[in-house]
Enquirer: 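Please find one structure pasted underneath; my questions will follow.
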Amino acid sequence: MNTPVEGFSKLTKTQKIDWIATHCTKDPKKTKQLLQQYWNTDPRVQKLHDEFIENTVSNYYLPFAIAPNFLINGELYAIPMAIEESSVVAAASKAAKFWLERGGFKAEILGTEKVGQVHFIYKGDKKKLSDFFALAKPELLKSVASITKSMEKRGGGINDIELRDLSDKIEGYLQLHCTFETLDAMGANFINSCLEQFAKTLKEQALAFDAFTEEEKNIEVVMSILSNYVPNCLVKAEVSCPISELGNTDMSAEAFAEKFVRAVNIAKAEPYRAVTHNKGIMNGIDAVVLATGNDFRAVEAGVHAYAAKEGQYSSLTHAKIENGIFKFWIEVPLALGTVGGLTTLHPLVKLALEILQNPTAKELMQLVAVAGLAQNFAAVRSLVTTGIQKGHMKMHLLNMLNQMGATESEKKQLVTYFKDQTVTNASVKEALEKIKSK
Ligand code: MEV
């Protein structure tokens, strides 16, 4: 590709495919075939996907799987997960089963507050600005009445608008720090529409505020946008059981419980471990967030900021032993929606929500937090007992065999063979060659 393309977005889908195939790939014919192979056979479904984003040329599949047997607050759930990593769903299912026999998971909502900010520059008299804000606040609220009307009818809307002075960080920098209740919607569009109107009204009101000098009247709005940091949109999920009920491994139940708590404490104390520990949690969280049509990038950004809220990146989960009881829990911020966005558009998202009994956003927060906790339990349990590679490589075996071109019957034979053998690239290759040479 040696020349830029003009007006790519205006080309038809076929023209886009022609362009990409001829300019960026060695075998244009094969490229076109491959892209088409992933189109949906129903043109209406394909059109839907084409229109989710710009310049769509095909679909990118991820496996959509089910982790059953999650007992959460006394209700049984089968949790849909969209993820490519081999051992995640198996690990989630295993953890669900383990806790099913020990009272299940408990989850509770600690808050549902969303945040948005209007960032602006004002270099004048601060006392005048706070007097102005006291007068302008009701006008700001009034100016978004048409946007908030239906949200308010359902019990949500704007919680508060605060004037925050951050001029010690950047000269003249202040904010309208706004908090929202968006109920079952993730709320990004609602929040951003409110903020953009606040920004307009702020400028208009400032121009009309007589106590300001001409310079003070010209408030410079830099930007208006929601924050994906939602420390008060928080959910807690936990499991607990008498230590004696943990005894399912090679070591004693006490030794296992203590080693498990130590492993979690290492993740609390040490960022290198904390990042990987939390990555394992996000294996569960992202997979459910994605399957239910939510924005996993927003969730990721907010969760990691929360993990660093004390000034050092740390574990999202906690574990302790108290009076012979093992307790393991997670506290995690999750801004999720079960209405709007992809939830009513993407057929598989609709199905995922139906499988979850059409949860409210609060219920979904609980389910997602539980998926994260279960994933972390499974990972730490493996790490402090057998090590992670045993289970992981077993799950990866099929990927390896597919890559090596094994037939269905070879795969079947080798899956049985590797039940009690160590899986490595070399050992799988050797075993496959042996079968093929017979
Ligand atoms: C792999 O995707 C996730 C783990 O590394 C998580 C962990 O180390 O806790 C197994």
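Ligands are counted one by one from 1 in listed order, and the atoms in each one are counted from 1 as well. Keep in mind that the numbers below use all heavy atoms, side chains included, and drop hydrogens, waters and symmetry copies.
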Enquirer: Could Lys411 and Glu408 be called an ion pair, given the rule that one side-chain N must be under 4.0 Å from one carboxylate O?
Expert: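 Salt bridge flag = yes for Glu408 with Lys411.
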Enquirer: Which residue holds the protein heavy atom closest to atom 8 (O) of ligand 1, what is that atom called, and what is the gap in Å?
Expert: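 For atom 8 (O) of ligand 1, the nearest protein heavy atom comes out as Arg273 NH1, 2.9 Å.
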Enquirer: Using a strict 4.0 Å threshold on nitrogen-to-oxygen distance, state whether Glu85 and Lys279 make a salt bridge.
Expert: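 Salt bridge flag = yes for Lys279 with Glu85.
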Enquirer: Where does Val380 meet ligand 1, judged by heavy-atom distances below 4.0 Å: at the side chain, the backbone, both, or neither?
Expert: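 The answer is neither.
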Enquirer: Taking 4.0 angstrom as the limit, do Asp295 and Arg297 come out as a salt bridge?
Expert: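 Yes, this pair counts.
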Enquirer: Indicate yes or no: does an N/O atom of Asn283 lie under 3.5 Å from an N/O atom of ligand 1?
Expert: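 For ligand 1, there is an N or O atom that lies under 3.5 Å from one belonging to Asn283.
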Enquirer: Could you check atom 6 (C) of ligand 1 against the protein and tell me its nearest heavy-atom contact, residue, atom and distance included?
Expert: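 Looking only at protein heavy atoms, the one closest to atom 6 (C) of ligand 1 is Thr276 O, 3.5 Å.
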Enquirer: Is Glu85 in polar range of ligand 1, meaning some N or O pair under 3.5 Å apart?
Expert: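 Yes; at least one N/O pair falls below 3.5 Å.
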Enquirer: Of Phe260, Phe105, Trp329, which meets ring pair (Phe, Tyr, Trp, His ring centres under 6.0 Å) against Phe377?
Expert: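 The option that passes is Phe260.
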Enquirer: Under 4.0 Å between a Lys/Arg side-chain N and an Asp/Glu carboxylate O for Lys106 and Glu108?
Expert: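 Glu108 and Lys106: not salt-bridged.
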Enquirer: Considering the heavy atoms of Leu383, write down every atom of ligand 1 situated less than 4.0 Å from one of them.
Expert: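 Numbered from 1, ligand 1 contributes 7 (C), 8 (O), 9 (O).
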Enquirer: Side chain, backbone, both or neither: which part of Gln375 has a heavy atom under 4.0 Å from ligand 1?
Expert: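 Contact part for Gln375 vs ligand 1: neither.
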Enquirer: Which atoms of ligand 1 are found less than 4.0 Å from any heavy atom of Lys279?
Expert: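 Reading through ligand 1 atom by atom, the close ones are 1 (C), 2 (O).
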Enquirer: So do Asn192 and Ile225 actually touch side chain to side chain, heavy atoms under 4.5 Å?
Expert: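 Result yes, sub-4.5 Å side-chain heavy-atom pair found.
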Enquirer: Relative to the heavy atoms of His277, which atoms of ligand 1 are at a distance of less than 4.0 Å?
Expert: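 Counting from 1, the qualifying ligand atoms are 9 (O).
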Enquirer: Could you check whether Glu410 pairs with Lys436 (Lys NZ or Arg NE/NH1/NH2 to Asp/Glu carboxylate O, under 4.0 Å)?
Expert: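 Yes, this pair counts.
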